[in-house]
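For reference, positions follow the sequence shown, starting with 1. Just follow the structure's listing: the first ligand is 1, and inside any ligand the first atom is 1. All heavy atoms count here, side chains included; hydrogens, waters and symmetry mates do not.
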Amino acid sequence: MKYDNKNIFAKILRKEIPCKKVYEDNYALAFQDINPQAKVHLLVIPKGKYISFVDFSKNASKNEINGFFKAVSKVAEEEGLVKGGYRILANHGVNAGQEVPHFHIHIFGKQKLGSMISKN
Ligand code: AMP
């Protein structure tokens with residue numbers, strides 16, 4: 001599968017469409033999810049063109065992987081989620097229902113998050 005430059009997060013990275021940014025550095029951009037599933041629901045995306053976790057973990061450089069996951073952790077800390085606890089999640093492919101084909105980590109917090117997997 002080839003990276004689709006027209007996906008919505010690629011457009012956000014190119015600033016062609018807006019986002020509610022909470023954090024940015026050389027490796028990552030973090031912003032509010034447009035359809036929040038929790039009191040806090042953020043997305044962290046790498047700056048590089050990676051389709052999903054599989055692509056990122058196989059093909060990103062050590063610096064990109066390190067920088068990206070440090071950014072995820074920093075965002076959670078800066079948003080005040082560490083003390084109360086939070087959840088991170090990445091969907092890959094059809095079974096997980098991945099909608100946007102640019103790797104992203106969801107961060108959920110500021111409430112009890114319930115069971116890990118939907119019973120539906
Ligand atoms: P996933 O199912 O893991 O691919 O999640 C994609 C997420 O992107 C969903 O939670 C959407 O609500 C979110 N999303 C889609 N478009 C936008 C957008 N323009 N700005 C912020 N979040 C978005």
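- Closest of all the heavy-atom pairs between Lys6 and Lys11 is O-CE, 3.2 Å.
- Protein heavy atom at the shortest distance from atom 4 (O) of ligand 1 is Glu99 N, 2.7 Å.
- Within a 6.0 Å sphere centred on CG of Asn95, other residues, nucleotides and ligands contribute 12 heavy atoms or fewer.
- Residues satisfying the side chain to side chain donor-acceptor pair (under 3.5 Å) test with Tyr86, not counting sequence neighbours, are none.
- Salt-bridge annotation for Glu64 and Lys47: absent, with no side-chain N of the basic residue lying under 4.0 Å from a carboxylate O of the acidic one.
- At least one side-chain heavy atom of Lys110 sits less than 4.5 Å from a side-chain heavy atom of Leu81.
- Remark: Glu99 pairs with no residue by the side-chain contact (heavy atoms from CB on, under 4.5 Å) rule, at least two apart or across chains.
- Heavy atoms of Phe9 found under 4.0 angstrom from ligand 1 belong exclusively to the side chain.
- Considering both main-chain and side-chain atoms, Gly97 comes within under 3.5 Å of ligand 1 through a nitrogen or oxygen pair.
- Here the shortest heavy-atom pairing between Gln98 and Ser52 reads OE1-CB, 3.5 Å.
- Counting the atoms of ligand 1 from 1 in the order shown, those under 4.0 Å from a heavy atom of Gln32 are 21 (C).
- Using a 4.0 Å cut-off to heavy atoms of Phe31, the atoms of ligand 1 that qualify are 21 (C).
- Contact record, His104 with Ile45: CB-CG2, 3.6 Å, taken as the closest heavy-atom pair.
- Backbone and side-chain nitrogen or oxygen atoms of Leu43 are examined, and none is located within less than 3.5 angstrom of a nitrogen or oxygen of ligand 1.
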TODO: Would you please test His92 and Phe103 for ring pair (Phe, Tyr, Trp, His ring centres under 6.0 Å) and show each step?
DONE: CA-CA 8 Å; His92 163 76; Phe103 173 47; 9.8 Å; no
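- Between Gln98 and ligand 1, no pair of N/O atoms sits closer than 3.5 Å.
- Residue contacts with ligand 1 include His106, since one or more of its heavy atoms lies under 4.0 Å from the ligand.
- Among Ile34, Ile105, Leu89, the residue whose heavy atom lies nearest to atom 16 (N) of ligand 1 is Ile34.
- Set against the non-hydrogen atoms of Asn91, the atoms of ligand 1 under 4.0 Å away are 1 (P), 2 (O), 3 (O).
- By heavy-atom distance, the residue among Asn35, Asp33, Ile8 lying nearest atom 11 (C) of ligand 1 is Asp33.
- Checked against a 3.5 angstrom limit, the closest N/O atoms of His104 and ligand 1 fall inside it.
- When each atom of ligand 1 is checked for a heavy atom of Val100 under 4.0 Å away, the hits are 4 (O), 6 (C).
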